[in-house]
Amino acid sequence: MFIIFLKFSENKNLAGDFMADHKKWIKKGIEDNVFMIVGSLQPNQGGGIIASCNSYVELERRINEDPFVTENIVTYEIYEMSPSMANDKFKSFLS
């Protein structure tokens with residue numbers, strides 16, 4: 001499991017120009033069963049993604065296809081996490 005932070009850069013003002021393509025990129029990640037949860041970092045700091053992917057390299061390749069990344073609207077950080085405990089709603093993340 002991976003946690004990704006997409007934090008706005010100095011080009012944040014360009015976000016509106018690339019939002020439609022960014023949302024398509026997110027939708028594809030969800031449809032491919034890679035992105036499990038996607039949301040905004042508050043207050044207006046960027047976005048966050050919880051992902052399941054075969055490898056860090058594969059996930060990084062996908063992230064580098066995000067128009068927000070290619071246009072330097074956000075910078076990203078990826079953290080790999082090995083879940084060991086969860087409540088009943090998230091037990092499936094433990095497998």
Side-chain angles (χ1 to χ4, degrees):
M1 172 183 287
F2 297 90
I3 301 170
I4 303 112
F5 294 103
L6 302 168
K7 297 192 136 190
F8 283 125
S9 71
E10 64 277 356
N11 290 335
K12 176 182 178 178
N13 60 320
L14 298 176
D17 296 340
F18 295 92
M19 185 61 73
D21 289 336
H22 174 68
K23 286 183 177 182
K24 286 179 191 172
W25 173 80
I26 291 170
K27 185 178 178 193
K28 179 155 177 34
I30 290 170
E31 289 170 350
D32 291 344
N33 292 315
V34 174
F35 299 164
M36 299 181 304
I37 299 173
V38 178
S40 298
L41 296 176
Q42 301 302 324
N44 200 23
Q45 298 294 308
I49 302 169
I50 296 177
S52 177
C53 198
N54 292 329
S55 72
Y56 182 98
V57 172
E58 182 181 328
L59 180 61
E60 189 170 42
R61 178 197 51 76
R62 181 179 289 269
I63 291 170
N64 280 307
E65 294 173 353
D66 177 4
F68 275 19
V69 172
T70 61
E71 297 299 324
N72 193 31
I73 295 166
V74 297
T75 58
Y76 66 86
E77 298 175 31
I78 303 172
Y79 297 90
E80 187 168 3
M81 186 174 92
S82 300
S84 58
M85 293 191 291
N87 71 19
D88 290 341
K89 292 179 184 178
F90 293 97
K91 291 259 186 211
S92 63
F93 291 123
L94 299 178
S95 57

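What's counted below: heavy atoms across the whole structure, side chains too, no hydrogens, waters or symmetry copies.
Met81 meets the side chain to side chain contact (heavy atoms under 4.5 Å, CB included) test with Met1, Ile3, Pro83; sequence neighbours excluded.
Both Val38 and Phe8 are assigned to one and the same hydrophobic cluster, defined by single-linkage of ILVMFWY side chains at heavy-atom distances under 4.5 Å. One hydrophobic cluster, built from ILVMFWY side chains closer than 4.5 Å, holds both Met19 and Ile4. Residue Ile63 is grouped with residue Leu14 when hydrophobic side chains (ILVMFWY) are merged at heavy-atom distances under 4.5 angstrom, including chains of intermediate members.
A heavy-atom distance below 4.5 Å is not found between the side chains of Thr70 and Glu65. Between Glu80 and Leu59 the shortest side-chain heavy-atom distance does not fall below 4.5 Å.
Considering CG of Asp66 and CG of Leu6, their distance stands at 6.0 Å, rounded to 0.5 Å. With rounding to the nearest 0.5 Å, the separation of NZ in Lys23 from CZ in Phe68 is 9.0 Å.
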Begin from the C-alpha positions of Phe18 and Ile73 and carry the test side chain to side chain contact (heavy atoms under 4.5 Å, CB included) through to its verdict. CA-CA 9 Å; Phe18 295 92; Ile73 295 166; 3.6 Å; yes

Does the pair His22 and Val74 meet the rule for a side chain to side chain contact (heavy atoms under 4.5 Å, CB included), with working shown? CA-CA 11 Å; His22 174 68; Val74 297; over 6 Å; no

Pairs under 3.5 angstrom only: tabulate donor-acceptor contacts from the side chains of residues 40-56 to other protein residues two or more places apart or in another chain.
from: Gln45; atom 1: NE2; to: Pro43; atom 2: O; distance (Å): 2.9
from: Ser55; atom 1: OG; to: Glu58; atom 2: N; distance (Å): 3.0

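Applying the side-chain hydrogen bond (donor to acceptor under 3.5 Å, both in side chains) test to pairs two or more places apart or on separate chains, those with a residue in residues 9-21 are Glu10-Asn72.
A pairwise comparison of heavy atoms in Phe35 and Ile26 identifies CD1-O, 3.7 Å as the closest pair. Counting all heavy atoms, side chain and backbone alike, Glu60 lies closest to Tyr76 at OE2-OH, 2.9 Å.
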